Amino acid sequence: MTAKVSYGSVEVGTELPAQSFPVTRATLVQYAGASGDFNPIHWNEEFAREVGLPDVIAHGMFTMAEAVRVVTDWAGDPGAVVDYGVRFTKPVVVPNDDKGALIEVSGKVAAKLDDNLVRVDLVAMCDGKKVLGMSRAVVRLA
């Protein structure tokens with residue numbers, strides 16, 4: 001596969017379609033099974049509070065993966081992402097109810113680079129707080 005977005009069709013400031021990603025306790029259990037990360041801060045309220053957290057929190061790598069979906073969906077090819085990094089700024093707290101948490105992600109082209117590459121800056125928010133900082137992806141466009 002190759003990116004479906006052409007380099008010539010984007011400019012600095014081009015906004016990617018924003019997306020929202022729901023996270024429930026069931027989501028965390030599924031991710032723990034897939035990733036092998038069974039740290040109790042991701043499923044045990046009592047333990048999470050004992051170590052100073054407000055409640056169970058989502059895995060950082062899960063949050064990171066959900067955020068980059070905005071980029072991969074826009075580009076049309078996950079393989080188009082050649083570099084991606086974030087800083088974890090706040091945890092995604094996931095209450096034990098039917099709603100859970102909602103990660104809201106937006107992005108825009110911040111720079112056009114050589115060789116059909118663009119840098120996309122992402123903003124990931126949950127409950128009004130920025131949960132990822134310096135969230136940037138470098139993407140090779142068509």
Side-chain angles (χ1 to χ4, degrees), residues 1-45 47-49 51-142:
M1 290 178 64
T2 59
K4 295 179 182 174
V5 177
S6 74
Y7 182 79
S9 71
V10 299
E11 298 298 330
V12 171
T14 297
E15 293 188 13
L16 283 61
Q19 294 187 51
S20 297
F21 304 99
V23 187
T24 65
R25 294 283 179 93
T27 309
L28 299 182
V29 171
Q30 292 167 337
Y31 183 81
S35 69
D37 182 352
F38 294 101
N39 187 324
I41 64 172
H42 304 303
W43 56 269
N44 184 315
E45 283 178 41
F47 183 86
R49 289 193 172 120
V51 299
L53 295 168
D55 205 336
V56 165
I57 63 169
H59 304 72
M61 295 302 287
F62 172 82
T63 304
M64 187 177 175
E66 290 292 79
V68 81
R69 286 176 55 190
V70 167
V71 177
T72 59
D73 289 355
W74 170 72
D77 177 11
V81 177
V82 298
D83 189 43
Y84 176 51
V86 306
R87 289 193 181 167
F88 301 105
T89 57
K90 299 272 186 218
V92 173
V93 178
V94 182
N96 192 18
D97 59 20
D98 293 340
K99 289 176 51 177
L102 189 66
I103 303 169
E104 299 172 287
V105 183
S106 61
K108 69 171 135 180
V109 174
K112 288 185 82 168
L113 311 169
D114 293 334
D115 297 324
N116 285 16
L117 296 171
V118 296
R119 189 186 88 218
V120 175
D121 290 354
L122 297 168
V123 175
M125 305 285 291
C126 183
D127 202 23
K129 297 177 182 133
K130 196 172 183 181
V131 295
L132 298 176
M134 300 294 292
S135 184
R136 295 178 172 171
V138 176
V139 186
R140 184 174 312 280
L141 300 180

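Just so you know, residue 1 is the first one in the sequence shown, and it goes up from there. Remember, predicted model here, so these are calculated numbers, not experimental data.
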Is a donor on one side and an acceptor on the other found under 3.5 Å between the side chain of [X] and the backbone of [Y]?
X: Arg119; Y: Lys112; answer: no
X: Thr89; Y: Val131; answer: yes
X: Asp83; Y: Gly85; answer: no
X: Lys90; Y: Cys126; answer: no
X: Tyr84; Y: Met64; answer: yes
X: Asp115; Y: Leu117; answer: no

Give me the atom names and distance for the closest heavy-atom approach of [X] to [Y].
X: Ala137; Y: Val81; answer: CB-CG1, 4.5 Å
X: Ser9; Y: Val5; answer: OG-CG1, 3.8 Å
X: Leu141; Y: Tyr7; answer: CB-N, 3.7 Å
X: Glu45; Y: Asn96; answer: OE2-CB, 3.3 Å
X: Leu122; Y: Ala67; answer: CD1-O, 3.8 Å
X: Ala80; Y: Ala3; answer: CB-CB, 4.0 Å

*Residue from Leu28, Val93, Ile57 passing side-chain contact (heavy atoms from CB on, under 4.5 Å) with Val23*: Leu28
*Checking side-chain contact (heavy atoms from CB on, under 4.5 Å) against Pro22, which of Val94, Ile103, Thr27, Leu102 comes through?*
Leu102
_Applying side-chain contact (heavy atoms from CB on, under 4.5 Å) to Val92 and Phe62, what does each step give before you reach the verdict?_
CA-CA 10 Å; Val92 173; Phe62 172 82; over 6 Å; no
*asked:* Does the plane of the ring in His59 sit parallel, tilted or perpendicular to the ring in His42? Use 30° and 60° as the thresholds.
replied: parallel
*Heavy atoms, side chains only, cut-off 4.5 Å: are Gln19 and Asp73 in contact?*
yes
_Non-hydrogen side-chain atoms of Phe47 and Asn39 separated by less than 4.5 Å_ = yes
*Quick one: CD on Glu66 to CG on Leu132, what's the gap to the nearest 0.5 Å?*
11.0 Å
*How far does CG of Asp121 sit from CE of Met134, to the nearest 0.5 angstrom?*
8.0 Å
*asked:* If you count every heavy atom of other residues, nucleotides or ligands that lies below 6.0 Å from Asp127 atom CG, does the total exceed 12?
replied: no
*Is the NZ atom of Lys108 crowded by more than 12 outside heavy atoms at less than 6.0 Å?*
no
*Please walk me through it: do Arg49 and Asp55 pass side-chain contact (heavy atoms from CB on, under 4.5 Å)?*
CA-CA 6 Å; Arg49 289 193 172 120; Asp55 205 336; 3.5 Å; yes
